[in-house]
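The structure under discussion appears below in the form of structure tokens.
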Amino acid sequence: MVKLALKLMELIALSLNLPPKRFEDFFKDQTSFIRCNHYPPCPSPHLALGVGRHKDSGVLTILAQDDVGGLEVKRKSDGEWVRVKPTPDAYIINVGDIIQVLSNEAYESVEHRVMVNSERERFSIPFFLNPAHYTMVEPLQELTNEQNPAKYKT
Ligand SMILES: O=C(O)CCC(=O)C(=O)O
Ligand SMILES: [Fe+2]
């Protein structure tokens, strides 16, 4: 999972016109972790949420889920909650708050939530890629200039 996450970070670096290994040092002492989520069937799904609306605070999330479904992402253009259909053998990749800051908002973290249903339990396993605890998170110097000043300060 770490290998996949670091490969994705190489692709994100390339997409920002940075050297592919630009983010490598952030993950020398990484604090990444995995969570195991279980959502039991709920008799009143309209009165409950599996997980309330939030953005992932780390760098990237790689999510494995079963075929039940329930994850929704908020579409920025109109604020609608859009269901993410489970695709067999596929991961869902979420951009977290740290990429938003490092990229000076070239990437934006996505708001999401989890609905429950009355019929079937659901399982999901997110892997959260996180840097070392001592990392200073600020926009990369290469991505800021006078026309595009840093939107965040440490
Ligand atoms: O269960 C899911 O699909 C997502 C869970 C989630 O958003 C989280 O654990 O941060
Ligand atoms: Fe999340």
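These figures come from a predicted structure and were not determined experimentally. When a ligand or atom number is given, it counts from 1 through the structure's own listing order. When reading the values below, keep in mind they use all heavy atoms of this one structure, side chains included, and skip hydrogens, waters and symmetry mates. Counting from 1, the numbers follow the sequence of the chain as shown.
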Donor-acceptor check, side chain of [X] to backbone of [Y], threshold 3.5 angstrom: yes or no?
X      : Y      : result
Ser32  : Asn130 : yes
Thr31  : Pro131 : yes
Asn148 : Leu143 : yes
Asn104 : Leu140 : no
Asp66  : Val68  : yes

[X] heavy atoms, cut-off 4.0 Å: which ligand 1 atoms fall inside?
X      : answer
Asn37  : 1 (O), 5 (C), 9 (O)
Asp56  : 10 (O)
Pro126 : 9 (O)
Phe128 : 8 (C), 9 (O), 10 (O)
Tyr39  : 1 (O), 2 (C), 5 (C)
His112 : 7 (O)

Protein heavy atom at shortest distance from [atom]:
atom                    : result
atom 9 (O) of ligand 1  : Arg35 NH1, 2.8 Å
atom 3 (O) of ligand 1  : Arg122 NH2, 2.8 Å
atom 10 (O) of ligand 1 : His54 NE2, 3.1 Å
atom 4 (C) of ligand 1  : Val114 CG2, 3.7 Å

Report task. Can you sort out the partners of Phe123 under ring-ring contact (aromatic ring centres under 6.0 Å, His included), two or more places apart, ordered by chain and number? Result ->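 Phe123: ring-ring contact (aromatic ring centres under 6.0 Å, His included) contacts with His38.
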**Report entry** Point-to-point distance, once rounded to the nearest 0.5 Å, from CG of Leu4 to CD1 of Ile62
**Finding:**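 Output value for this atom pair is 4.0 Å.
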Query raised in the report: Once you round to the nearest 0.5 Å, how far does OH of Tyr152 lie from CD of Gln100?
Result: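 Answer rounded to 0.5 Å: 4.0 Å.
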Requested in this report: Would you name the N/O/S atom of Asp56 that lies closest to the Fe ion (ligand 2)?
Outcome: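 The nearest such atom is OD1.
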Query raised in the report: Below 3.5 angstrom, do we get any N/O pair linking Gln65 and ligand 1?
Result: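 Gln65 vs ligand 1: no N/O contact under 3.5 Å.
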Query - For ligand 1, the portion of Leu63 having any non-hydrogen atom under 4.0 Å away - result: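 Looking at Leu63 and ligand 1, just side chain atoms fall under 4.0 Å.
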Query raised in the report: Taking Val84 as the fixed residue, which of Leu71, Leu63, Asn94 is the one that meets the side-chain contact (heavy atoms from CB on, under 4.5 Å) rule?
Result: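 Between Val84 and the candidates, side-chain contact (heavy atoms from CB on, under 4.5 Å) is satisfied uniquely by Leu71.
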Query raised in the report: Salt bridge check: are Glu80 and Lys74 linked by an N-O gap of less than 4.0 Å?
Result: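 Here Glu80 does not pair with Lys74 in a salt bridge, since their nearest N and O are not under 4.0 Å apart.
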**Report entry** Arg113 heavy atom under 4.0 Å from ligand 1
**Finding:**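 The answer is no, since Arg113 has no heavy atom less than 4.0 Å from ligand 1.
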Query raised in the report: Which value, rounded to 10°, describes the NE2(His54)-the Fe ion (ligand 2)-NE2(His112) angle?
Result: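 That angle works out to 90° after rounding to 10°.
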